[in-house]
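Sending over a structure as structure tokens; questions will come in a sec.
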2 protein chains.
Amino acid sequence: MSEVQLKEALDSLKDTGVRITPQRHAILEYLINSMSHPTADDIYKALESKFPNMSVATVYNNLRVFREVGLVKELTYGDSSARFDFVTTNHYHVICQTCGKIVDFDYPALDEVEHFAAQVTGFNVSHHRMEIYGDCSECAKKESH
Amino acid sequence: MSEVQLKEALDSLKDTGVRITPQRHAILEYLINSMSHPTADDIYKALESKFPNMSVATVYNNLRVFREVGLVKELTYGDSSARFDFVTTNHYHVICQTCGKIVDFDYPALDEVEHFAAQVTGFNVSHHRMEIYGDCSECAKKESH
DNA sequence: TCTTAGATTGTAATATTTATAAATAGTGTA
DNA sequence: TACACTATTTATAAATATTACAATCTAAGA
Ligand SMILES: [Mn+2]
Ligand SMILES: [Mn+2]
Ligand SMILES: [Zn+2]
Ligand SMILES: [Zn+2]
């Protein structure tokens, strides 16, 4: 299953005229298999044994390329560094304010809100972002002690 | 009207045991009167004629204090610096992807989404954030040329 | 007025991300 | 397969935003 995703991703790069390098292959593979929301530095560290000479700029450059092609979404929060999510199905995120855990969360897209915003503001609306914040069950348990 | 908001804000600081300094007074006043979503540096620059010796650290420190007390909300986007919004009524934001303009936007809070997320993930949900992205009418017009 | 804990200031440090230029390598073509 | 062309990588420096720190100052209660 993840092999299929990787193959489709590589094909979509090829279709856009983006060269497939070993670094790109490895970053995509890591994003697909990790099933998480890693930072650029997470990816850099995870691949440094395989690519001891890879530059961190390469990770950033390729994540931008992947974002532009539509393969990954960039999740930006206030605090620290951006996180990257391999695009599969549309979903939202629930984030623990205590430990930082990010949980995927399926919910129908809020089309009404977009339409309403377009009408009220005159914007040409393209998309929205939403995140839900709280404490995960582990952290909530610890706090109650 | 803004005098009332300023007075209430100062009272709420006093109630929390936060000292009222000229710098804090000025930052709050600016946030309330600007009716916009300034960055820390916007505030710093706007007040430098009045406080030639004020440190940018003071602006950051106080914005954090105000956030902790609940007087301001910090809006963090990917690209540049954080923006700050004096808390009045609950509202969302519509953001122009081209020029960066931020427009306030009233919409009933998405309580259902929060409840659903809590049930599905087991989180103790506290709040959510949502922004709508698109192009404002001016930018959309320019692009069509 | 005096005292003192908290606030401000000036500066250095940290961290993330981007820019740059030289070296390298992927891919289409012959 | 070998070549040529150009995209990509690498290494490093730079830009930017934010925080840490220590010395100085001051708001506010006694
Ligand atoms: Mn996700
Ligand atoms: Mn606002
Ligand atoms: Zn947690
Ligand atoms: Zn615009």
Side-chain angles (χ1 to χ4, degrees), chain A residues 9-30 37-69 71-84 100, chain B residues 9-30 37-69 71-84 100:
Chain A
L10 293 172
D11 285 345
S12 116
L13 285 185
K14 207 177 274 181
D15 291 347
T16 330
V18 175
R19 291 185 185 170
I20 294 162
T21 65
Q23 294 88 340
R24 285 187 175 151
H25 191 288
I27 294 172
L28 275 179
E29 197 173 33
Y30 179 78
H37 307 85
T39 65
D41 201 57
D42 290 338
I43 300 171
Y44 176 66
K45 286 199 166 62
L47 299 181
E48 72 180 351
S49 62
K50 211 173 184 177
F51 296 88
N53 295 322
M54 186 166 63
S55 168
V56 70
T58 298
V59 178
Y60 277 103
N61 287 342
N62 288 328
L63 287 170
R64 182 173 55 234
V65 169
F66 297 159
R67 171 164 53 78
E68 285 165 356
V69 173
L71 285 176
V72 308
K73 273 198 178 136
E74 186 173 351
L75 314 174
T76 56
Y77 308 116
D79 345 23
S80 54
S81 38
R83 297 177 161 276
F84 296 86
Chain B
L10 292 172
D11 284 347
S12 117
L13 285 184
K14 206 177 275 183
D15 291 348
T16 332
V18 174
R19 290 186 184 170
I20 293 161
T21 66
Q23 293 89 339
R24 285 183 176 155
H25 192 287
I27 294 171
L28 274 179
E29 198 172 33
Y30 179 77
H37 307 85
T39 64
D41 201 58
D42 289 338
I43 300 171
Y44 176 67
K45 286 197 166 62
L47 299 180
E48 73 179 350
S49 61
K50 211 172 183 175
F51 295 89
N53 295 322
M54 184 166 64
S55 168
V56 71
T58 298
V59 178
Y60 278 102
N61 287 342
N62 287 329
L63 288 170
R64 181 172 57 236
V65 169
F66 297 159
R67 171 164 52 80
E68 285 166 357
V69 173
L71 285 176
V72 308
K73 274 197 177 137
E74 188 173 351
L75 314 175
T76 56
Y77 309 115
D79 345 22
S80 53
S81 38
R83 297 179 162 276
F84 296 87

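To find a chain, count down the sequence lines: A is the first, B the second, and so on, and within it residues start at 1.
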### Message
If you apply the rule side-chain contact (heavy atoms from CB on, under 4.5 Å), what do you find for A:M54 with A:V59, and how did you get there?
### Response
CA-CA 8 Å; A:M54 186 166 63; A:V59 178; 3.9 Å; yes

### Query
Taking DNA chain D as the partner, which of residues 11-21 of chain B come within under 4.0 angstrom of it by heavy atom?
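Hits under 4.0 Å, by residue number: B:R19, B:I20.
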
### Message
Please evaluate residues A:N61 and A:T58 with respect to the criterion side-chain hydrogen bond (donor to acceptor under 3.5 Å, both in side chains), reporting the C-alpha separation (whole Å), side-chain torsions for both, the decisive distance (0.1 Å), and the verdict.
### Response
CA-CA 5 Å; A:N61 287 342; A:T58 298; 5.4 Å; no

### Message
If I compare all heavy atoms of A:A82 with all of A:T76, which pair ends up nearest, and what's the gap?
### Response
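Reported closest heavy-atom pair: CB-CG2, 4.1 Å.
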
#### Entry: Nearest-Å distance for atom pair CZ/P, residues B:R24 and D:dT26
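In whole Å, D:dT26 P and B:R24 CZ are 15 Å from each other.
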
#### Entry: Range on DNA chain C touched by chain A - first to last nucleotide, heavy-atom distance under 4.0 Å
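First-to-last contact on DNA chain C, by the 4.0 Å heavy-atom rule, is C:dT16 to C:dT27.
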
### Task
Can you measure from OG1 (A:T39) to NZ (A:K45) and round to the nearest 0.5 angstrom?
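A:T39 atom OG1 to A:K45 atom NZ measures 7.5 Å (nearest 0.5 Å).
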
### Query
What is the bend of the helix from C:dT1-D:dA30 to C:dA30-D:dT1 when you compare the axis at one end with the axis at the other, using five pairs each and rounding to 10°?
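That helix has its two terminal axes inclined by roughly 30°.
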
### Query
At what distance, to the nearest 0.5 angstrom, does NZ of A:K73 lie from CG of A:L63?
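Taking NZ in A:K73 and CG in A:L63, the distance rounds to 15.5 Å.
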
### From CD (B:E68) to CG (B:N62), nearest 0.5 Å
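With rounding to 0.5 Å, CD (B:E68) is 11.0 Å from CG (B:N62).
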
Show the atom names and distances, to 0.1 Å, of all donor-acceptor pairs under 3.5 Å that link a side chain in residues 10-23 of chain B to residues at least two apart or in another chain.
| from | atom 1 | to | atom 2 | distance (Å) |
| --- | --- | --- | --- | --- |
| B:D11 | OD2 | B:K7 | NZ | 3.1 |
| B:T16 | OG1 | B:S12 | O | 2.5 |
| B:T21 | OG1 | B:R24 | N | 3.1 |

### Message
On DNA chain C, does the nearest nucleotide to A:P22 precede the nearest nucleotide to B:N62 from the 5' side, or the other way round? Give the residue.
### Response
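This one resolves to B:N62.
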
### Summary
With B for base contact, S for sugar-phosphate-only contact and - for none (protein heavy atoms under 4.0 Å), nucleotides 17-25 of chain D reads SSBB-----

### Query
ring pair (Phe, Tyr, Trp, His ring centres under 6.0 Å): which pairs involve residues 37-68 of chain A, sequence neighbours left out?
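Listed by first then second residue: A:H37-A:H93.
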
